[in-house]
Structure formats: C-alpha cells, structure tokens
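The sequence lines fix the lettering, A, B, ..., with proteins before strands; numbering per chain opens at 1.
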Amino acid sequence: MTVQCKYCEKRAQLKRPKTGHAVCKSCFCSIFEEEVHQVITEYGLFRKGDVVGIGASGGKDSTVLAYVLNELNKRHSYGLKLHLVSVDEGITGYRDDSLQSVKRNESEYAIPLTVVSYKELYGWTMDEIVKEIGRRNNCTFCGVFRRQALDRAALKLHVNKLVTGHNADDIAETVIMNTLRGDIARLQRCTNIVTGSESLEEGDLVPRCKPFKFVYEKEIVLYAYHKKLDYFSTECIYSPNAYRGYARSYIKDLERVHPHAIIDIIQSGDHMTARVDAKMPTRIECTRCHYISSQILCKACILLDGLNSGKPRLSLTKASRPLAVSKEVCSKKDKVSKGKECSGSCGCAEIQGNDINYF
Amino acid sequence: MATCNDNDDKVETFTTAKPKLYSKCVKCGNKASIIARIKDAMCIGCFDAYYVHKFRAALGKSRLFLNEERVLLAYSGGINSVSLLSMVKRGLDESSHKKLQFLVDVIFIDEGCLFGDTWNSENILMIENLTTLGFRFYILKLESYLHPSLKLCIQTFDTLTIGWPVYTIHLECEKSRLLKIFESCHSSNKQQLLELIRYKLLTKFAYEFGYNKILMGDNATRLSTQLLHGICRGKGSLANYDITFADTRFPGLYFCRPMREFLAKEIVFSVNISKLKYFNFPNFDSVNRSANKSSIFHVTEDFLAELHSLQPFTTSTVFRTGNKLSPLNTGQSNICALCMLTHEYSITNTTLCYSCQRICDNVKGEFVTLLPILFM
C-alpha cells in the first residue's frame, strides 16, 4: 500500500518528524522553506539592505541555514547581503575538516567567507587549552570564546545582523540546562528569537537571531539529505563529556514519547518570568576588553587569565573569581609599590584606573 | 550520540566529597549512621531533630495557620503522607508551648475504581492505623466527584469503627462515566488526569465541608520532577504554582505543602527510623510497568533521578529554580478551565491554557465530549 503525500498527488516519501504528516520530497522541502520564511517575516528578523553574517561551522545546521537563506533571499527578494563567518577554534581533526566544507559552500553559493581564529584572538587554540585543562569543562572555554569571536568578527565586517543555526532541539536543551543549573536570568532570555539590541549604537553588540527556532533537528538533517547538501557531520572530539549531553539525550527521549514536547518546552521558555525579587546580574562592560559582562571582568578575560597564569581550573569556580581578582590586584599593587613592575596582563591597571568599587 | 561511556578515556563522574566510613555526626560528634544531605553525616537523634525542625520551620514560616482552625490533610497511605501525618501528630502531642495550634482531619481518596476495586486487608490495616492515631477521618471514592452531593458519598470514621466501609449510596453510574473518561484519555496523560480529578475532588470537598487549607505530602524530589515535567508540557509560565508552599489556584483555598523541602531520601530515612507503616495501593505505575518510557513524566523522573545520582545537588537546584519563577499576573480574566491557573493568552476563543489545550488536542474522540464534566 502506498501512502499519498498530504499536499499533492505524489507518493509520500517521509513522515515529518514535527507533525507526523506523510509528505513527498518536494513538498517537504517547500514546506520547510516556507516555514522558515514565515518565521522570518512574522518576527521581522531582517530589513532590506541588511548585511547578514551567517555563523557557519560547516555542520548541518549552518549549512542548511546558509542554503535556505540564500534561496529565500533570492526568491522573496529580502535584499540581504549575506556573509559567512566562521570561527576556527583550532581543533585538529575536527574544525580543520569542517572548515573545508564551509569553504566549499563559499564557492558553491557565492557567499564571501571570513574566518577568525582563537589563536589570533586569544593566543590559544582549543587543542592547547584541552592539553591544559583536560577533557572536562573544556566546552566552557570554547563556548565563551566562540561567542566573543563571532561578535568581534561581526563588528569587523560591519555586519548588522548575525544569524546562527540554533534549532528547536538546541533551544529546548538550553531551557532544560538553565533550569537544571538554576540560571534564571538566562532562562528568561534563552528562547528569544532575537537577542542583543535592535537599534545598533556604538559599542553595542550586533543583534543575533535564530531563524531555525521552530525547526526540528531531524527535519534539518532530512532537508540536507534530500537537497544533497555538502556538510560535515562529526561530533566535536572534545564534547562527549559535556553536561549538555545529558540534556540532549533527555530531549531525544522526550521527542520519542511526544514529538511536540520540543515546541512545548520552547513555549514554556518564552513565558517564564523571574520573580521581581530574584537576584539578577546587571549588565556592565568588561574593564579590560569592553565586551558586555556581568562582572568586572568578562568571562573570556577570566578564563584567559586562568590559562595564562597556568591555573585554568581556578577560573571555572563560581564564587572565587572576584576574590581572586582582588587578591591579584592587591598583590600586584604591593609589587608596584615595592618597585617591581607589573606586566599589565592582569587588568590591575585598568581596575585601578577606572576606580571601580566592586565589593 | 556519544555518551560518557563511549569515550575510551576514563569516564569522568562528577566529584562529590565522599564521606568517610564511620564518620562523625556533624552536629554532636557521635558516631553517624545516616548521610542525609550531600556530605552531612548525622546520628539518628540529630537527624530526627533536624527533620522535625525543618518541618516546623516550613509551617511556621508560612504564617498561614490560625488557632483552633480545622485543616484537612490529604492522606494516600504512601510514604510521604504517612510521614506528614506522623509529623503533625507529633506536633499536636507536644507540650503546650510547642504544640501545633490547628486541628487536623484526614481525608483518604479511594481510587480503587480505576484498578478493579481491590479493597483488601491493606486498606483495613490503614484504617486501623488511622483510628488508633485518633484523627477524625473521611473516606471518599474517586467517582463521587461526579455525584452532585458529596455529603451523601462520604464515609466518616469518627469513632473507633473498624471494618469495611459501608457506603450509603451506590455510585455505579458515576463509576462507569469516570472509567469512560479514563479510557478515552491518552495513556501518557492518565496520571495527570487522575491528579487533576483528585485535586478537584479535594477542592469540592473542602468547599462543601468548610475547610480552607489542605495539607499535601509532596516532597522536593517529586515537586522538582513536576516542575520539569510542567516545562516539557508548555506550562512554563505556570510552573511556579506547582512548587510554592501555598498553592492558591482555587479561590479561598490553600493547598499547603509542608514537606516541600524534604528530599525523598530524607523522608524514607525518617519513616524507617520511626518504623512507620506505609501502604502501597495500586496505581497506574504498578498496573502498567511498561509505561515507564511511554510518558513524559516517567522520562523526566528517570532523567532527574539519574542526574541526581551523578550530581547530588540537581534536585534542590531545580527546586530553587522553580522558586525564583514568578506566577503570571495578567488579571483574573484568563483562567484555564481545567487546571484553574491564570494563563498567558489575552485574547483567545479558548478557555484552556496552552498545556491543557495540548492534552485535549491529543485525546481520542470521546474524551472531548466528556470534558465539560471536569469543568466544575
């Protein structure tokens, strides 16, 4: 018995993971594109003439995102100027290979590509960091650094929007993780489709958006498969021990029981509000690199400090940081007063110069 | 996807400070026999004091209970409600300055109709147990929810009557209607439906008999599972209600959760130490073991339990996350007809919240026509 496509006369070739409808290949692809288009128009993600940076890792999400945006841009004449932005974390056997596939995409879709590397921004590659820190918690470094790296690349390229390939599964995972970690501030904003400021002023970050907020991971894979897209599909060699793995397998279990659970979690995340008296971090600027931060030094600078001082584990603990910075400042102050010089790498000069009372 | 075990490297588990064998009690320094919290070993005496103090503190902090007020205690015979009842009993028996100032009546909801009406020796034992404690208690069948007057359905044990409860009226018609609702409901939603009806029945009872506070035995482990489960069902904006000390979703009625800060483990310890008898009655889990991976609640329960065994602070963190959420405040206009919570939609043609709407979308045909029964 053949099952007919829900939308046309043809034979159905697949069952949509999101809805369970039987559809044929061409209908699936057009529905997929149409849904992304709907999200883009409904939320007003882009304006005519925007220069849009696509965070491209070479994986399935970003490859499909680049392809779909390119198609929709032509089809619905969004008037966007697309630009691929890649971050080279310096992971041998993973990122170097995936960057090759981004480069192939560059020539195939005729979208210019810019690569920024951890080595040039921070002086460390992930390989070196893992050698230092071990296999646990290395995702903290990679994640924090990547976020900044993308922003820096976006500012350099004068991009007004940054799109990332985060899909519904990723966002649901983040909601669960933030619940498990009790991170109420992130819990409130992690499902926002656009983050960062809309009106771009000087010093502000480039707004980021996630056009795939409601797109299931499985559908992205199916789309890439049916469109025969060229992507790199290996999991990061350093990630198996990440905490996210637990949330990930939980989401997959839920999806098996109830495919709609993923959208339900995002719905939950959209509507969760913190109590008025709940403690919230305030957004300030890092005194060293002027990146947004909730503390006197941003997380990237704290992590770099840890790496440069040879005690990277110390920078991961939660409460110790401000204390550690203060000790550092005090000891450096003493040293300066005793006539010994401070290299300036610790940030003590900036902290003293700005005269911030942070206790 | 790769899990920890796929890695050739040493599997890295989360480090927790392992308590030494024969370690000392953190309070008195004597030999400890219980590890109640992550690394706090305690002797039995200190654990008991800690347990009682925590319970009394939860009640005291709420400042809800008035002198001589009659309060209802929802008793299921399970480990949580047994512990709750014994704590209350101890509170009432205390010397004058420590004595609990309110009066407690107990209600037991007989859910036997869903599981083949197996009223057995276990139930008799439970009634014996309750009567020896000296509380006034009521037995109410689940199906009496559909009966217009609860006063007729109630079975009261005011005196020392021990034996089979004799109901004055037959509830056969109500029973078959209730069973029909459960049959048409999707298997993964049955437990939710049961809990909903139980809540509504308690509410109805409290209204009719003039109680305005109901003590529930929910513990932190269960509440945090419920919170995460709520999030997975799109109830995020309402999640706070499920976890607060006093749930005020029904006007003029407080569902109080004095056990909300106890981990399931602590309750088991306490019940075992005091050698309390608890009872296992059939429920959806015991009837259908294969359901373990077939409902969101079970998947969530397994997930949290596994994570908690790796990181012993998981449950309390989830619990505290729930505490930091705020209940939605959009006025009284959008109250979901099923779960009675204020929901997020301002202009919709539906009377249900997102999550209850999802349940109704998923049910098989007949349930929708039976649904209005629940809107009482």
I176(A) and C232(B) have their tightest heavy-atom pair at CD1-SG, 4.3 Å
Nearest heavy-atom approach of F303(B) to Y246(A) is CE1-O, 3.4 Å
Just so I understand: if I count every heavy-atom pair under 4.5 Å between each of L304(B), I296(B), L227(B), N240(B) and chain A, which residue has the most? I296(B)
Would one find more than 12 heavy atoms of other residues, nucleotides or ligands at under 6.0 Å from atom CD of E306(B)? no
Do you know the tightest heavy-atom contact between Q267(A) and G234(B)? CG-O, 4.0 Å
Less than 4.5 Å to any heavy atom of chain B: does that hold for the side chain of I251(A), its backbone, both, or neither? neither
Choice from T314(B), T315(B), T300(B) maximising heavy atom contacts with chain A below 4.5 Å: T300(B)
L254(A) side, atom CG; H229(B) side, atom NE2 - distance, nearest 0.5 Å: 9.0 Å
Considering all heavy atoms of both residues, which atom of L228(B) and which atom of T179(A) are nearest to each other, and what is their separation? CD1-CG2, 4.0 Å
Go through L325(B) and T273(A) one step at a time and tell me if the side chain to side chain contact (heavy atoms under 4.5 Å, CB included) criterion holds. CA-CA 6 Å; L325(B) 292 172; T273(A) 40; over 6 Å; no
Do other residues, nucleotides or ligands put more than 12 heavy atoms under 6.0 Å from the OH atom of Y254(B)? no
What are the two closest heavy atoms between I184(A) and K324(B), and how far apart are they? CD1-CB, 3.8 Å
Is I263(A) in contact with chain B via its backbone, its side chain, both, or neither, using a 4.5 Å heavy-atom distance? both
For K235(B) versus S268(A), what's the shortest heavy-atom pair and its separation? N-OG, 3.2 Å
Side chain, backbone, both or neither: which part of R233(B) has an atom under 4.5 Å from a heavy atom of chain A? backbone
